[in-house]
Amino acid sequence: MIQLPPGAYRPATDRWGSFKRLSASLPEGSLAVVDRRVARLHPTLIPALKARKPRAVVQLTGGEVAKTFESLEQVLAAGLSMPRSGTLLAVGGGTVGDVCTVAAHLLKRGVRLVQVPTTLLAAVDSSLGGKGAVDMTVRGQVVKNPVGVFHYAEEAWLCPELYASLSETQLREGALEAWKMVASLDAELFRAYARRAPSLERMVKDARRLKESVCAKDPYEHEGLRRVLNFGHTFGHVLESVSRFELSHGDAVGLGMLCALDVGRALGITPDDVAWRVEDALHQGPGVLGRERTAELFARAKIKDVVALLAADKKAGSAGELRMVLLTDLGTAVVRDVSADQWQALWPTWTRGERP
Ligand SMILES: NC(=O)c1ccc[n+]([C@@H]2O[C@H](COP(=O)([O-])OP(=O)(O)OC[C@H]3O[C@@H](n4cnc5c(N)ncnc54)[C@H](O)[C@@H]3O)[C@@H](O)[C@H]2O)c1
Ligand SMILES: [Zn+2]
């Protein structure tokens, strides 16, 4: 039988507990990469790692600056002498997780990866699903994730004490991504969430289970089945760009979900009561920002700029036609072609901050 290489698809084993307890199982000689800010905010973290006699502990500054070839090279340099059986431990948000995923894929043509997501966004989304990427500057423009790999983590450590230092905005953006999965994939759970907002731990567990169930059907994205995870991301990415990234990714996705509900209703795909329920729950639960924020941001843009942004994001054809994830019901999503005329008809109401 051919043995699966490290990084080949497998559902990650999730382990919950304090970092101190979980790190006791880290093999000696591992390479640890830690978000510098996390190390500062949680002063027991580095000593717990050092107790495991690691090969090296590399600290990276979190944020998109972590997703450069320079930081990738720094991680690779620290891991060059690692054996093929070695472990790379990534402790940080999605940016540290993404660069470490690439590094784990390259070192010895693939070493074992353990993810310790420290942001809620990383816990519910980026630390799961095997994708890693770095950014590039092409003709003076930063392009996000143009090169990357699939390399699945073998384990994820979920350490609730690390989430205590997250800001309200960071907690909200992770929650919005989690609610995105629940609204588009699991009607029963959505109803339960709408009745009573879940605890953070519950939300992470549910979101990870839902994302895993989608990735399991299409681990290397050959079938397009993972597209449903992009609910809210079409106009979300536009809003993020128009705000010049002032708006967090999760907040942008929250507003993008409201746009997707409007498009779905306009096309007769999303029933009105479903759209109302989801919009209402997004306000009551994770606290989606208001439509006035969408209006304010769209007022800064012209439709032709939005068409260009969508085209650059590979979400639209050159004439502005889109492939969007729309809800047909609570917990059920489809991918549909939306013509430029169809979504542009909603533009006047969006720029006024009204529900069409
Ligand atoms: N691989 C995937 O499937 C996937 C999916 C979604 C997003 N992503 C990527 O994830 C990245 C965004 O991830 P992110 O939002 O976690 O960003 P991030 O890694 O930049 O973290 C955001 C900020 O939070 C800080 N931080 C991290 N943990 C903290 C903690 N516990 N307490 C306080 N501050 C903390 C970081 O230092 C950073 O300044 C993007 O680059 C995106 O492309 C990848
Ligand atoms: Zn997202």
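Read the numbers this way: they start at 1 and go in the same order the structure lists the ligands and their atoms. For this chain, numbers begin at 1 and follow the sequence in order.
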| request: Please report the C-alpha distance between Leu297 and Leu247 in whole Å, then the side-chain angles of each, then the deciding distance to 0.1 Å, and finally whether the side chain to side chain contact (heavy atoms under 4.5 Å, CB included) criterion is met. | output: CA-CA 10 Å; Leu297 290 167; Leu247 195 63; 3.7 Å; yes
| task | Confirm or rule out an N/O/S atom of Glu177, from backbone or side chain, lying less than 2.8 Å from the Zn ion (ligand 2). | result | yes
Where is the nearest protein heavy atom to [atom]: which residue, which atom, and how far?
{"atom": "atom 43 (O) of ligand 1", "value": "Lys67 NZ, 3.0 Å"}
{"atom": "atom 32 (N) of ligand 1", "value": "Ser165 OG, 2.7 Å"}
{"atom": "atom 12 (C) of ligand 1", "value": "Leu121 CD2, 3.9 Å"}
{"atom": "atom 37 (O) of ligand 1", "value": "Asp35 OD2, 2.7 Å"}
{"atom": "atom 4 (C) of ligand 1", "value": "Ser126 CB, 3.2 Å"}
{"atom": "atom 19 (O) of ligand 1", "value": "Thr95 OG1, 2.6 Å"}
{"atom": "atom 9 (C) of ligand 1", "value": "Asp98 OD2, 3.5 Å"}
{"atom": "atom 10 (O) of ligand 1", "value": "Gly94 CA, 3.4 Å"}

| Under 30°, 30 to 60°, or over 60°: which ring-plane class applies to Tyr220 and His222, parallel, tilted or perpendicular? | tilted
| request: Quick one: sort the Phe298 and Trp350 rings into parallel, tilted or perpendicular, breaks at 30° and 60°. | output: tilted
| field | Test: Arg21 cationic atom under 6.0 Å from Trp157 six-membered ring centre, within 45° of axis | value | no
| field | Same apolar cluster: Leu158 and Leu113, side chain cutoff 4.5 Å | value | no
Quick one about [Y] and [X] (side-chain donor to acceptor, distance below 3.5 Å, no hydrogens or angles considered), yes or no?
{"X": "His249", "Y": "Glu240", "result": "yes"}
{"X": "Arg208", "Y": "Ser127", "result": "yes"}
{"X": "Thr61", "Y": "Arg36", "result": "yes"}
{"X": "Lys67", "Y": "Asn145", "result": "yes"}

Nitrogen or oxygen of [X] less than 3.5 angstrom from that of ligand 1:
{"X": "His42", "result": "no"}
{"X": "Leu162", "result": "yes"}
{"X": "Gly63", "result": "yes"}

| Close-contact set for ligand 1 against Leu41 heavy atoms, below 4.0 Å | 32 (N), 33 (C)
| query | Counting from 1, what ligand 1 atoms have a heavy atom of Thr118 closer than 4.0 Å? | reply | 27 (C), 28 (N), 29 (C), 30 (C), 31 (N)
| field | Arg36 contact mode with ligand 1 (heavy-atom cut-off under 4.0 Å) | value | neither
| Is ligand 1 under 4.0 Å from a heavy atom in the side chain of Thr61, in the backbone, in both, or in neither? | neither
| About how large, to 10 degrees, is the angle NE2 of His233, then the Zn ion (ligand 2), then NE2 of His249? | 100°
| task | Give the single entry among Leu120, Thr119, Val99, Thr169 that approaches atom 27 (C) of ligand 1 most closely by any heavy atom. | result | Thr119
| note | Closest to atom 23 (C) of ligand 1 by heavy-atom distance, out of Gln170, Glu64, Lys144, Arg37, is Gln170
| field | Distance-minimising heavy-atom pair for Val274 and Leu330 | value | CG1-N, 3.8 Å
| Can Arg55 and Ser81 be said to form a side chain to side chain donor-acceptor pair (under 3.5 Å), step by step? | CA-CA 9 Å; Arg55 174 168 314 275; Ser81 61; 3.1 Å; yes
| Given the rule in the side chain to side chain contact (heavy atoms under 4.5 Å, CB included) test, do Arg10 and Glu154 qualify, once you have shown the distances and angles that lead to the verdict? | CA-CA 7 Å; Arg10 59 172 66 70; Glu154 211 168 287; 3.8 Å; yes
